[in-house]
Amino acid sequence: MTREEYASMLFPNCKHDRAYYEKKYKRRELPEGAFVTRIGPSPTGFVHIGTLFQSVIATKLASQSGGVSYVRIEDTDQKREIENGKEAILKAVSDYDMPFNEGPIIGGDYAPYVQSERVDIYQAFAKDLIIRDLAYPSFITEEELAKLTDEQARLKQRIGYFGKWAAKERAYTMEEVMEKVNNGESYTIRLKSQGDFENKVFIDDAIKGRIEFPENDMDSVIIKSNGIPPYHFAHPVDDYLMGTTVVIRGEEWLSSVPLHLEIFKALGIEPIKYAHTSSIQKEEDGKRRKISKRKDPEANVEYYTKMGIPKEAVKVYLLTLANSNFEEWYLANPGVSTDEFKMTFEKMSGSGALFDTEKLNNIAKTFLSTVSAEDLYERILNWARVYDESFASILDSNRDKAISFLDIERHGNKPRKDIGMYSEARDTMMYMFESPEKYDWQKITDKNEIASILKTYMDKYYDDTDNDAWFSKVKEMCDELGYASDMKAYKKNPEEFKGSVADVSTVIRVGITGSSRTPNLFDIIKILGRDEVEKRINKLL
RNA sequence: GGCCUGUUGGUGAAGCGGUUAACACAUUGCCCUCUCAAGGCAACAUUCAUGGGUUCGAAUCCCAUACAGGUCACCA
């Protein structure tokens, strides 16, 4: 039996050989210095903020260098898979304005972009390793492996399948293997490691710099018993065939670099550049940890949609985490598209940043202060249609009123920044559409005094011609009722007055809106109109 | 436990042998002011995890230690 025949027996379903695929997928022709980047998310139905973080880096580096970015779905673990997982990922990256050039559904010259559809490719490469005696079939069961691990732990030795622990299986003859296979024993394919733990290998990581490791000496599984490879084998094969120039991935992969380097070497492929990003962290009980899908709602991209945080703001926040000089650039270039910013590996931090909700909120508020009232209205409405139907129908039937309200203090160079997420909109503007149910009185709480102020206001001092006229009337009323119309005078001698114009305005404000914190009162009165204001005040009286 | 990474204020960070240790968020105070939001001004690290060393000079270079994180699967 030749080694070719032997390999074919081990891969009975493998249609093509390695050379076929190397010929099929041509090398990319790109300008000097162009990056080919990718993201490799697993379709679990849950789009992780980290995926978005990798995406913004991958797409930006590719587009600014005249390169290519693509999405490759890494679904080699069917246990975790979920229906529509890849659609969710593709939708998220497109929603967040991270345009990949190739991927599933999008297409491209290196299709398929889904690992489960590339099984024949991986097998062809694994078969090549069998032929060249750099891999071997392994029949060890999970139970045996667990026993071995215990034994190693007891002996306080390095844990894993390597060296003498793997010697028995490495030594099987082709005939022995054939017999086991014919008996129906299931097997994996393992790398026959040539490495020595005493030797060093290193990478020049684009973010972390030069890192040295002991060589890999583990006989890792490269094809699982179901014929599908684990990540460790799919990664070198795919990134080679698909022409990736730099692998951007989370630092949790750092420790498997020696394994990947050895696989590249066994395959006779030039290893590619790595850029290991530090992971976004969360603090809990004074301890930092990687942001967790299970514990932290903000790990799920859907959270931002649900809260109504603008996608633009999320992207800006991710950019500030990705490149330390982005924030200054962003502040210095208002109104300029973030596409203009030049991203570099040098400005990526080697340490993990704590997720800062406050900062995100600030970015969101600032961003929303720059959009037009109409735009903001549409954004809030679209959000409400999904998450707050009753509010959506109110907005729908009060379009003009809502827009007028949102337009208050929105102009000039100091626009109002009171809404950071669409989910806050209901509370900040509901009083425009119906009479308040609760009244947040401040300094003046006496019912008779409140009634007197509101009644006098409506009877004698109502004015909605313009802001100055309106305020003059309020001041006149203060003089009549014994309140200070001039704040400076009041501050000097507060004891001479019952209160100030501020207190009186507050009564009017709360009387109409229920809230003590609103945008400019005159504008609100003007939008509501005399009839509505009168109705509300009479109801109160 | 082995291997790897990281450590500058509450947070994100700039810094690359000589700086008053940028900037931004948050916080506090003042100003503006009919409230709120915004805006303006100011305060907030004598010290860069700790201890040694090199140097005229160290956050920056070297060595130890501590702490934190990651990883050691037929998961990614």
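Reminder, nothing fancy here: chain letters follow the sequence lines and each chain counts from 1.
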Assign A/K417 to base, sugar-phosphate, or nothing according to its heavy-atom contacts below 4.0 angstrom with the strands shown. sugar-phosphate

What pairs of residues pass the side-chain hydrogen bond (donor to acceptor under 3.5 Å, both in side chains) test when at least one of them lies in residues 351-362 of chain A, not counting sequence neighbours? A/E327-A/K359, A/S349-A/S351

May I ask you to verify whether the side chain of A/N226 and the base of B/C74 hold a donor-acceptor pair under 3.5 Å? no

For A/I222, which contact category applies under a 4.0 Å heavy-atom criterion: base, sugar-phosphate, or nothing? nothing

Give A/V474 one of three labels, base, sugar-phosphate or nothing, depending on what nucleic acid heavy atoms sit under 4.0 Å from its own. nothing

Test of understanding: with salt bridge (Lys or Arg N to Asp or Glu O under 4.0 Å), list the residues that count as partners of A/E151, not counting sequence neighbours. A/R154

Has A/R379 got its NZ or CZ under 6.0 Å from the middle of the six-membered ring of A/Y377, at an angle within 45 degrees of the ring axis? no

Applying ring-ring contact (aromatic ring centres under 6.0 Å, His included), can you list everything that pairs with A/Y274, at least two apart in sequence or on another chain? A/H235, A/H276

Those residues that, when tested against A/R410, pass side-chain contact (heavy atoms from CB on, under 4.5 Å) (two or more places apart): A/V371, A/A373, A/L376, A/D407

Selected nucleotide, minimal atom distance to A/T188 side chain, candidates B/A38, B/C74, B/A76: B/C74

Taking Watson-Crick and G-U wobble contacts under 3.5 angstrom, with | marking pairs to another strand and [ ] crossing pairs, the secondary structure of RNA chain B is written ((((((((.[[[..)..(....]]].(((((.......))))).....[[[[[..)....]]]]])))))))....

Between A/E358 and A/I228, which has a closest nucleotide on RNA chain B that is more 5'? A/E358

Assess whether one donor atom and one acceptor atom, taken from the side chain of A/R158 and the base of B/C72, lie less than 3.5 Å apart. no

Please measure how far the C1' atom in B/C74 lies from the corresponding atom in B/C63, and state the result in whole Å. 44 Å

Which nucleotide in B/A24, B/C74, B/C34 has an atom nearest any side-chain atom of A/S225: B/C74

So A/M218, base contact, sugar-phosphate only, or nothing? Heavy-atom distance under 4.0 Å. nothing

Under 4.0 Å, heavy atoms only, any strand: does A/P415 hit a base, just the sugar-phosphate, or nothing? sugar-phosphate

Does A/L145 reach a base, just sugar-phosphate, or nothing at all? Heavy atoms under 4.0 Å. sugar-phosphate

For each nucleotide in nucleotides 3-15 of chain B, reading 5' to 3', give B when a protein heavy atom comes within less than 4.0 Å of its base, S when such contact involves only the sugar-phosphate, and - otherwise. SSSS----SBSSS

Could you tell me the separation between the CH2 atom of A/W470 and the P atom of B/U35, rounded to a whole number of Å? 10 Å

